[in-house]
Amino acid sequence: MSKQVPRSLSFGEEAAAYERGRPSYPPEAIDWLLPHGARTVLDLGAGTGKLTVRLVERGLDVVAVDPIPEMLDVLSSSLPGTPALLGTAEDIPLPDDSVDCVLVAQAWHWFDPQRAADEIARVLRPGGRLGLVWNTRDERMGWVKDLGAIIGHEHDPLNDRVTLTEPFGPIERTQVEWTSYLTPQALIDLVASRSYCITSPAEVRTRTLDRVRELLATHPALANSSGLALPYVTVGIRADLT
């Protein structure tokens, strides 16, 4: 287990906010990540099931694995028929050669990369695929850039730096631009569910959320609005077992 995992476990404190505020993933990105003919998919670091539900909707046999019981409780409440197992990327509770594809949404940076890659290769069938996906806010719009100034600008350098060694083949990358529609309260929940906000001292957390509320109340594009359009760029990375 990597040194970052204890911080990742802080998400359990805000599992409900995570589910309410975090965006889903665009169908085009999921299409690109999944290998042709895949039937059994592991959603690793599944959280509350933002990606899991999209995979289940496609009729796939999905197993969700996450280290946080509170996250899996939320997932199971909406997907009671989907196996939801406690586990980590470094110790996946599945047998060898058991899935066609492993997808990791918004979680690769919490893993020990080499140990996770070896463990993922173990559970993948020959020729199986590892797919990674991140949502990043598109800060070209004024208010989204202002939001970034409050909560931290969103560019995950791992999107550019992810490397995978053998037994995975060459890495391919794609990106999809799309828009998530949410309420002002859901934006508050999105911020509240971010790990840095959860783990900040109470006064810092309160100040951050108050600044977001002020932005909602005063920005010309947001004031008196009951619905927000939050643009995202979704980055996908995939590699197949050689």
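For reference, positions follow the sequence shown, starting with 1.
Considering CD of Glu214 and CG of Asp146, their distance stands at 11.0 Å, rounded to 0.5 Å. Summarising the geometry, atom OG belonging to Ser180 is positioned 13.0 Å from atom CG belonging to Asp138; distances are rounded to the nearest 0.5 Å. Atoms OG1 and CG, from Thr48 and Leu72 in turn, are 9.5 Å apart once rounded to the nearest 0.5 Å. For the atom pair CG (Leu132) and CD1 (Ile171), the distance works out to 7.5 Å, reported to the nearest 0.5 Å. We find the CG-CD1 distance between Leu164 and Ile237 to be 8.0 Å, quoted to the nearest 0.5 Å. Note that CG of Leu147 and CG of Leu215 are 6.5 Å apart. Values are rounded to the nearest 0.5 Å.
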Practice task
Could you check Arg54 against Glu57 for salt bridge (charged side-chain N to carboxylate O under 4.0 Å, His left out), going step by step and ending with a plain yes or no?
Solution key: CA-CA 5 Å; Arg54 299 296 172 232; Glu57 287 172 350; 2.9 Å; yes
Exercise for the section: Give the intermediate values and the outcome of side-chain contact (heavy atoms from CB on, under 4.5 Å) for residues Val162 and Trp108. Expected result: CA-CA 9 Å; Val162 168; Trp108 183 256; 4.1 Å; yes
Problem - Derivation and outcome, side-chain contact (heavy atoms from CB on, under 4.5 Å), residues Leu86 and Asp66 - result: CA-CA 5 Å; Leu86 280 171; Asp66 198 89; over 6 Å; no
Handout entry: Stepwise side-chain contact (heavy atoms from CB on, under 4.5 Å) test for Lys145 and His153
Key = CA-CA 7 Å; Lys145 187 173 183 178; His153 294 294; 4.2 Å; yes
Problem - Leu42 and Val65: CA distance, side-chain angles, deciding distance, side-chain contact (heavy atoms from CB on, under 4.5 Å) verdict - result: CA-CA 7 Å; Leu42 166 60; Val65 169; 3.5 Å; yes
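Counting all heavy atoms, side chain and backbone alike, Thr82 lies closest to Val62 at CG2-O, 3.4 Å. A pairwise comparison of heavy atoms in Thr88 and Pro67 identifies CG2-CB, 4.1 Å as the closest pair. Summarising the geometry of Ala221 relative to Trp143, their closest heavy-atom pair is CB-CD1, 4.3 Å, with the distance given to 0.1 Å. The two residues Ala223 and Ala217 have their closest heavy-atom pair at CB-O, 3.4 Å. Nearest heavy-atom pair, Leu51 versus Ala105, reported as atom, atom and distance to 0.1 Å: CD2-CB, 3.8 Å. Considering all non-hydrogen atoms of both residues, Asp100 and Pro35 come closest at O-CG, 4.3 Å.
Salt-bridge annotation for Arg207 and Asp210: absent, with no side-chain N of the basic residue lying under 4.0 Å from a carboxylate O of the acidic one. Salt-bridge annotation for Arg58 and Asp31: present, with a side-chain N of the basic residue lying under 4.0 Å from a carboxylate O of the acidic one. Between Glu119 and Arg122 a salt bridge is recorded (basic side-chain N to carboxylate O distance below 4.0 Å).
Under the 4.5 Å side-chain criterion, counting only non-hydrogen atoms from C-beta, Ile150 is not in contact with Val191. You'll find the side chain of Tyr232 stays beyond 4.5 Å of the side chain of Thr136, heavy atoms only. Contact of the Glu139 side chain with the Val233 side chain is not registered, since no non-hydrogen atoms from C-beta on lie closer than 4.5 Å. Under the 4.5 Å side-chain criterion, counting only non-hydrogen atoms from C-beta, Leu34 is in contact with Leu103. Residues Val133 and Val104 fail the side-chain proximity criterion, which asks for heavy atoms closer than 4.5 Å. Between Arg173 and Val235, every side-chain heavy-atom pair lies at or beyond the 4.5 Å cut-off. Using a 4.5 Å heavy-atom threshold, the side chains of Val99 and Val63 count as separate. Taking 4.5 Å as the limit, some side-chain heavy atom of Asn135 sits within range of a side-chain heavy atom of Tyr25.
Side chains of Ser98 and Arg125: no donor on one and acceptor on the other come within 3.5 Å. Inspection of the Thr234 and Trp178 side chains reveals an N or O donor paired with an N or O acceptor under 3.5 Å.
In the hydrophobic clustering of this structure, Leu182 groups with Val144; members are Ile, Leu, Val, Met, Phe, Trp, Tyr whose side-chain heavy atoms approach within less than 4.5 Å, directly or through other members. With hydrophobic clusters built from ILVMFWY side chains whose heavy atoms lie under 4.5 angstrom apart, Ile188 does not share a cluster with Val204. By the rule that hydrophobic residues join a cluster once side-chain heavy atoms approach within less than 4.5 Å of another member, Trp134 and Val176 end up as members of separate clusters.
The closest donor-acceptor contact from the side chain of Ser225 to the backbone of Leu228 lies at 3.5 Å or more, if one exists at all. Between the side chain of Ser78 and the backbone N or O of Leu75, at least one donor-acceptor pair lies under 3.5 Å. Looking at Arg238, its side chain does come within 3.5 Å of a backbone N or O of Trp32 through a donor-acceptor pair. Side-chain atoms of Asp43 never come within 3.5 Å of backbone atoms of Ala64 as a donor-acceptor pair (strictly under, hydrogens ignored). Judged by distance alone, the side chain of Arg115 and the main-chain N or O of Ala89 form no donor-acceptor pair under 3.5 Å. Remark: side-chain polar atoms of Arg129 are paired, donor with acceptor, to backbone N or O of Leu33 under 3.5 angstrom. With hydrogens and angles disregarded, a donor-acceptor distance shorter than 3.5 Å links the side chain of Glu90 to the backbone of Asp112.
Other residues, nucleotides and ligands contribute more than 12 heavy atoms inside 6.0 Å of the CG atom of Asp96.
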